[in-house]
Amino acid sequence: MPEPVRVRFAPSPTGYLHIGGARTALFNFLFARHHGGTFILRIEDTDRTRYQEGALQEIFESLRWLGLPWDEGPEVGGPFGPYFQSERLEIYRRHAADLVARGAAYRCFCTPERLDQVRKEQEKAKVTTKYDRRCRALSQGEERKLLDAGTPHVVRLRVPDGRAVMFDDLIRGEIVYQSDVLDDLVLLKSDGYPTYHLANVVDDHLMRITHVLRGDEWIASTPRHILLYEAFGWAPPVFAHMPVILSPDGGKLSKRKGAASVTDYRRAGYLPQALLNFLAFLGWNPGDEREVMTREEIVHAFGLEKVNPKAAVLDEVKLEWMNHEYMRKLTIDEALALVLPMWKGREFVGAGATAADSYLRAVAAQLKDRSKRLTELADNAAYFFREPGEYEEAAAKKQFKPEAAALLCDLASAVETVAPFDHASLEEKYRALAESRGVGAAKLIHPTRLAVSGLSYGPGLFELMEIIGKDKVVARMRRAAEWIRSQSQKD
RNA sequence: GUCCCCAUCGUCUAGAGGCCUAGGACGUAGCCCUCUCACGGCUAAAACCCGGGUUCGAAUCCCGGUGGGGACGCCA
């Protein structure tokens, strides 16, 4: 019986949840669920200088919003806590001391200034920059003296020479590093906090992590971690390094180029199901031709062997397409619940408006299938709540020629008599009118649409009119006629 | 500078030596449907980075180049 799968997502609370981090979390989640394992959230807050207020809440919220709840971690607990590294300092100190006692690590008293200088000289000489190991050679007496004087020091791993350090990456295959290019990495900082390397290895071991799935910027650290596991006498977990996500220009994804965080996409009106589906397909696919899949279907089909090692560009146009697919899947109630706060924010409706309102339901029903994002649904509903402030320019040029004023007045008078005021009767009226005038119905429909909505596109005209209601529709048509007359006077 | 990773249409990708006349999706163009938009249907243009090898046969394996990315912190 193999060990149960345990994986972790280990962000540090330095800001928002980056979309690349979200994808790493997603793949961890999918891997855990696929194998019936455990998805753990651990907070790597061992750098006191980089802590950002509010970052934790944003990370928690983003993960939950995306649909990636963790089985163990902050706020949910678990048998291997605490899950904040800042609350585990004693554990790291003990392990570092153990390594020093066994000679696998040593104290280094070099000042940051000296290290800087060594590094600069190495850069100038164009050789690999690494610690020159000066404190390895310290005699016991010298060390004693420095210790007694209270000299600040760090603890470094004693990296062996001439070793080939190998690991089998689940996505990339075998990767080998010569230990000679590896540094004597710092394990414990002079402030007593562990470095990422120490905390990470100790926690992964203590928390029984079986698979480490992380971003590929960690590949170069992995051989050092392997050596650390060896120093402790522990078996390392299996590693898999995920490719990065790039922006359309091929560079890093950043705020400056648009959206970079989960929150950015949320604000832009994307649905979590769509973002999750899309992110899963960045570097992975089920091996058949499905693309729109639920979280559960993805969990079922997921496998690390199908993950592509190549960095992927996030194509926002395709994300929009996928989001549109999910907008159409939304029920009217779901769509309304999501868009209602946006309408309130835009003051289209009062703060007291509720989802039970049949007018709002009708608007949402008409618009959700033709909106790519929630924000688009929110914006495109404007004319259902207020008169069009202006008419789409290109369309006005085409539909609002001078003679359209009289036409709209005639149509308005005809519309006034339609009863019941529903889309079927309206359509019947328009078709009859078109026939008696010997023109195509489109000739009547387009100017009416522009008069009523201000736009050249949207839901079926008769449905739209029915929803807005007779009085407002007629008023808008007459107002458009006036507008046309005032325009032709200007000329 | 050293080390490491990566390389199929514009983008996401299928492809595990013959099934490849390289398939799908987004996007683009055209046509159909149609009151517009969206949806849907049909069609088209569009890729194996380059060079060597291995093999009867290579997008697929090996080597070298080139290009892109990453690491080289008392950051994670």
Side-chain angles (χ1 to χ4, degrees), chain A residues 10-14 44-47 49-50 108 110-112 115-116 119 122-131 152-156 169 171-172 175-178 180-183 185-197 199-200 214-223 241 243-244 246 248 250-252 278 281-285 287-292 305-306 308-322 324 327-328 367 369-372 380 395 399 427 430-431 434 440-446 448-450 453 455-462:
Chain A
S12 66
T14 53
E44 309 226 325
D45 53 352
T46 55
D47 185 353
T49 62
R50 296 216 308 167
C108 168
C110 293
T111 61
L115 296 174
D116 258 2
R119 197 158 24 239
Q122 287 167 335
E123 273 166 18
K124 221 165 122 189
K126 296 197 189 296
V127 296
T128 304
T129 53
K130 58 190 270 197
Y131 176 55
H153 63 276
V154 303
V155 171
R156 286 181 184 273
D169 189 287
I171 294 172
R172 287 153 216 271
I175 297 175
V176 184
Y177 275 75
Q178 295 306 316
D180 302 52
V181 306
L182 270 25
D183 219 344
L185 70 159
V186 172
L187 302 179
L188 212 56
K189 307 180 214 175
S190 56
D191 63 3
Y193 274 60
T195 58
Y196 164 79
H197 304 290
N200 187 270
R214 56 179 17 164
D216 69 4
E217 69 270 25
W218 294 110
I219 291 179
S221 291
T222 305
H241 291 92
V244 293
L246 305 172
K252 281 186 182 174
F278 182 77
F281 274 73
L282 238 38
W284 175 86
N285 73 83
D288 52 41
E289 283 175 353
R290 287 178 293 173
E291 282 208 271
V292 179
E305 67 288 344
K306 281 183 284 194
N308 192 326
K310 192 179 85 166
V313 171
L314 190 153
D315 180 0
E316 222 160 294
V317 177
K318 188 156 185 179
L319 207 210
E320 277 204 324
W321 164 79
M322 186 161 278
H324 190 194
M327 290 289 291
R328 293 168 57 204
L367 254 19
D369 286 359
R370 23 172 66 86
S371 304
K372 293 201 190 77
N380 283 345
Q399 308 298 346
E427 177 152 16
Y430 263 67
R431 302 273 173 212
K443 288 265 184 279
L444 276 32
I445 287 170
H446 293 310
T448 307
R449 169 187 298 284
L450 189 59
S453 74
L455 299 175
S456 63
Y457 58 90
L461 175 67
F462 307 113

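Numbers restart at 1 for each chain; the letters A, B, ... are given by sequence-line order, proteins then strands. What you see is a predicted model; the values in this text were computed from it and never measured. Computation of the quantities below employed the complete heavy-atom set of this structure, encompassing side-chain atoms and omitting hydrogens, waters and symmetry-equivalent molecules.
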[X]: ring pair (Phe, Tyr, Trp, His ring centres under 6.0 Å) partners, not counting sequence neighbours:
{"X": "H324(A)", "result": "none"}
{"X": "H197(A)", "result": "H225(A)"}
{"X": "W321(A)", "result": "none"}
{"X": "F281(A)", "result": "W284(A)"}

(message) I'd like to compare against my own output: the B/S/- annotation of nucleotides 3-9 of chain B with a strict under-4.0 Å heavy-atom distance to protein.
(response) SSSSSS-
Whole-angstrom distance between [N] and [M], as gauged at atom [atom1]:
{"N": "G17(B)", "M": "U55(B)", "atom1": "C1'", "answer": "9 Å"}
{"N": "U13(B)", "M": "C50(B)", "atom1": "C1'", "answer": "23 Å"}
{"N": "C61(B)", "M": "A16(B)", "atom1": "P", "answer": "11 Å"}
{"N": "U11(B)", "M": "A47(B)", "atom1": "C1'", "answer": "12 Å"}
{"N": "A7(B)", "M": "A14(B)", "atom1": "P", "answer": "11 Å"}
{"N": "A71(B)", "M": "U28(B)", "atom1": "P", "answer": "35 Å"}
{"N": "C72(B)", "M": "G15(B)", "atom1": "C1'", "answer": "36 Å"}
{"N": "C37(B)", "M": "C19(B)", "atom1": "P", "answer": "43 Å"}

Does the side chain of [X] get closer than 4.0 angstrom to OP1 or OP2 of [N] through an N or O atom?
{"X": "T129(A)", "N": "U2(B)", "result": "no"}
{"X": "R214(A)", "N": "A76(B)", "result": "no"}
{"X": "N285(A)", "N": "A14(B)", "result": "yes"}

Write down the partner of [N] under the Watson-Crick or G-U wobble criteria, each distance required to be under 3.5 Å.
{"N": "U54(B)", "answer": "none"}
{"N": "U21(B)", "answer": "none"}
{"N": "A7(B)", "answer": "U66(B)"}
{"N": "A14(B)", "answer": "none"}
{"N": "C48(B)", "answer": "none"}
{"N": "C31(B)", "answer": "G41(B)"}
{"N": "A71(B)", "answer": "U2(B)"}

Identify whether any heavy atom of [X] sits under 4.0 Å from a base atom; if not, whether one sits that close to sugar-phosphate; answer base, sugar-phosphate or nothing.
{"X": "P459(A)", "answer": "base"}
{"X": "A441(A)", "answer": "nothing"}
{"X": "S190(A)", "answer": "base"}

Closest listed nucleotide, where the reference is the side chain of [X] and the choices are [options]:
{"X": "E289(A)", "options": "C12(B), G23(B), C35(B)", "answer": "G23(B)"}
{"X": "L282(A)", "options": "C12(B), A76(B), G70(B)", "answer": "C12(B)"}
{"X": "D47(A)", "options": "C35(B), C26(B), A76(B)", "answer": "A76(B)"}
{"X": "R119(A)", "options": "U13(B), G24(B), C74(B)", "answer": "C74(B)"}
{"X": "V313(A)", "options": "C74(B), C35(B), U11(B)", "answer": "U11(B)"}
{"X": "D315(A)", "options": "G70(B), G73(B), C26(B)", "answer": "C26(B)"}
{"X": "E44(A)", "options": "A76(B), C74(B), A25(B)", "answer": "A76(B)"}

(request) Mind running side-chain contact (heavy atoms from CB on, under 4.5 Å) on E291(A) and K318(A) for me, showing each step along the way? (result) CA-CA 11 Å; E291(A) 282 208 271; K318(A) 188 156 185 179; 3.1 Å; yes
(message) Please enumerate all residues that pass salt bridge (charged side-chain N to carboxylate O under 4.0 Å, His left out) together with D116(A), with sequence neighbours excluded.
(response) R119(A)
Interatomic distance, [X] [atom1] vs [N] [atom2] [rounded to whole Å]:
{"X": "F278(A)", "N": "A25(B)", "atom1": "CZ", "atom2": "P", "value": "16 Å"}
{"X": "K372(A)", "N": "C26(B)", "atom1": "NZ", "atom2": "P", "value": "13 Å"}
{"X": "L185(A)", "N": "A76(B)", "atom1": "CG", "atom2": "P", "value": "11 Å"}
{"X": "Y131(A)", "N": "C72(B)", "atom1": "OH", "atom2": "P", "value": "18 Å"}
{"X": "L314(A)", "N": "A25(B)", "atom1": "CG", "atom2": "P", "value": "21 Å"}
{"X": "W218(A)", "N": "C72(B)", "atom1": "CH2", "atom2": "C1'", "value": "13 Å"}
{"X": "M322(A)", "N": "G24(B)", "atom1": "CE", "atom2": "C1'", "value": "13 Å"}
{"X": "D183(A)", "N": "C74(B)", "atom1": "CG", "atom2": "C1'", "value": "12 Å"}

(message) So L367(A) and P459(A), do their side chains get closer than 4.5 Å, heavy atoms only?
(response) yes
(message) When you compare the side chain of P248(A) with that of L314(A), does any pair of heavy atoms fall below 4.5 Å?
(response) no
For nucleotides 44-48 of chain B, list the nitrogen or oxygen atoms of the protein found under 3.5 Å from its nitrogen or oxygen atoms, one pair per line.
none

(request) Tell me which of V317(A) and C108(A) sits closer to the 5' end of RNA chain B, going by the nucleotide each one is nearest to. (result) V317(A)
(request) Starting from the 5' end of RNA chain B, give me the residue, P248(A) or L461(A), whose nearest nucleotide shows up first. (result) P248(A)
Who passes side chain to side chain donor-acceptor pair (under 3.5 Å) against [X], sequence neighbours left out?
{"X": "R328(A)", "value": "none"}
{"X": "D169(A)", "value": "H241(A)"}
{"X": "E44(A)", "value": "R42(A), Q85(A)"}
{"X": "D191(A)", "value": "R48(A)"}

(request) Output, in order, the C-alpha distance, side-chain angles, deciding distance and verdict of side chain to side chain donor-acceptor pair (under 3.5 Å) for T448(A) and Y430(A). (result) CA-CA 10 Å; T448(A) 307; Y430(A) 263 67; 2.9 Å; yes
Check nucleotides 38-41 of chain B against the protein and report each pair of N or O atoms closer than 3.5 Å, with its distance, or say if there are none.
unit_1 : atom_1 : unit_2  : atom_2 : d
A38(B) : O2'    : H324(A) : NE2    : 3.4
A38(B) : O2'    : D369(A) : O      : 3.4
C39(B) : O3'    : R328(A) : NH1    : 3.3
C39(B) : O2'    : R328(A) : NH2    : 3.1

